[in-house]
K.L.:
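Following this message is one structure expressed as structure tokens.
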Amino acid sequence: MAFTAKLPQAAYRNLQAADVLESGHRRDVAGYLYGIAAECAIKQMMVPLSLPAEHDKNEIFFSHFPELRTRLRDALQGRNAKPLSSFVFKTRS
């Protein structure tokens with residue numbers, strides 16, 4: 001049986017749950033869910049990209065933070081990857 005990930009819905013669902021928990025007394029769990037939401041969003045942005053042959057897209061797709069960020073840094077290139085690269089490697093001010 002094939003599994004189809006619904007990444008945008010998962011990202012939004014985890015974001016909503018995190019917002020509810022953050023306003024309550026479970027900020028620790030909210031932080032975890034924010035991370036899951038970000039990971040789902042990043043992976044959705046990765047879906048349409050073609051990566052260089054030496055980088056296994058499935059290996060990257062099934063990795064998690066912080067390894068996901070490292071693997072993306074090594075694989076992303078070109079103009080099509082610019083929005084994802086900007087999002088993933090944006091430094092906080």
Side-chain angles (χ1 to χ4, degrees):
M1 177 184 224
F3 173 74
T4 304
K6 296 180 180 174
L7 293 168
Q9 294 90 334
Y12 186 68
R13 185 176 57 250
N14 282 289
L15 179 63
Q16 286 182 312
D19 287 343
V20 169
L21 289 169
E22 185 178 36
S23 64
H25 300 288
R26 295 306 309 263
R27 297 184 87 187
D28 56 334
V29 179
Y32 178 75
L33 293 177
Y34 282 128
I36 292 174
E39 196 170 291
C40 290
I42 287 168
K43 289 177 179 180
Q44 177 60 39
M45 292 175 76
M46 196 179 103
V47 169
L49 297 179
S50 60
L51 300 176
E54 67 268 15
H55 299 283
D56 182 0
K57 192 171 185 175
N58 280 332
E59 199 171 290
I60 296 170
F61 197 79
F62 289 105
S63 61
H64 304 284
F65 285 128
E67 182 184 9
L68 173 62
R69 192 170 192 254
T70 302
R71 289 181 181 271
L72 284 172
R73 181 201 61 214
D74 294 343
L76 291 177
Q77 61 184 15
R79 286 185 290 175
N80 291 339
K82 183 66 176 161
L84 177 57
S85 184
S86 295
F87 180 70
V88 172
F89 303 108
K90 180 176 154 184
T91 57
R92 291 184 170 203
S93 48

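Because the structure is predicted, anything quoted here is derived from the model rather than measured. What's counted below: heavy atoms across the whole structure, side chains too, no hydrogens, waters or symmetry copies.
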K.L.:
Under the rule for side-chain hydrogen bond (donor to acceptor under 3.5 Å, both in side chains), what residues qualify as partners of D19, not counting sequence neighbours?
P.N.:
Y34
K.L.:
To the nearest 0.5 angstrom, please state how far the CG atom of L51 sits from the CG atom of N58.
P.N.:
10.5 Å
K.L.:
What are the two closest non-hydrogen atoms of C40 and A10, and how far apart are they?
P.N.:
SG-CB, 3.9 Å
K.L.:
Sequence neighbours left out, what pairs pass salt bridge (charged side-chain N to carboxylate O under 4.0 Å, His left out) with at least one residue falling in residues 35-51?
P.N.:
E39-K43
K.L.:
Just how far is it from atom CZ of F65 to atom OG1 of T70, taken to the nearest 0.5 Å?
P.N.:
10.0 Å
K.L.:
Report whether V47 and F62 are members of the same hydrophobic cluster (ILVMFWY, side-chain heavy atoms less than 4.5 Å apart, transitive linking).
P.N.:
yes
K.L.:
Rounded at 0.5 Å granularity, tell me how far CD in Q9 sits from CZ in R13.
P.N.:
8.0 Å
K.L.:
Roughly how far, to the nearest 0.5 Å, is NZ of K82 from CG of N80?
P.N.:
13.0 Å
K.L.:
According to side chain to side chain contact (heavy atoms under 4.5 Å, CB included), who are the partners of M46, at least two apart in sequence or on a separate chain?
P.N.:
K57, I60, F61, L72, L84
K.L.:
Just verifying a value: how many Å separate S50 OG and Q77 CD, rounded to the nearest 0.5 Å?
P.N.:
8.5 Å
K.L.:
Just one of L15, V20, N14 clears the side chain to side chain contact (heavy atoms under 4.5 Å, CB included) bar with L33, so which one?
P.N.:
N14
K.L.:
Does the side chain of L49 reach to within under 4.5 Å of the side chain of L76, using non-hydrogen atoms?
P.N.:
yes
K.L.:
Would you indicate whether Y12, at its atom OH, is surrounded by more than 12 heavy atoms from other residues, nucleotides or ligands within a distance under 6.0 Å?
P.N.:
no
K.L.:
Considering all heavy atoms of both residues, which atom of Q44 and which atom of P8 are nearest to each other, and what is their separation?
P.N.:
OE1-CD, 3.3 Å
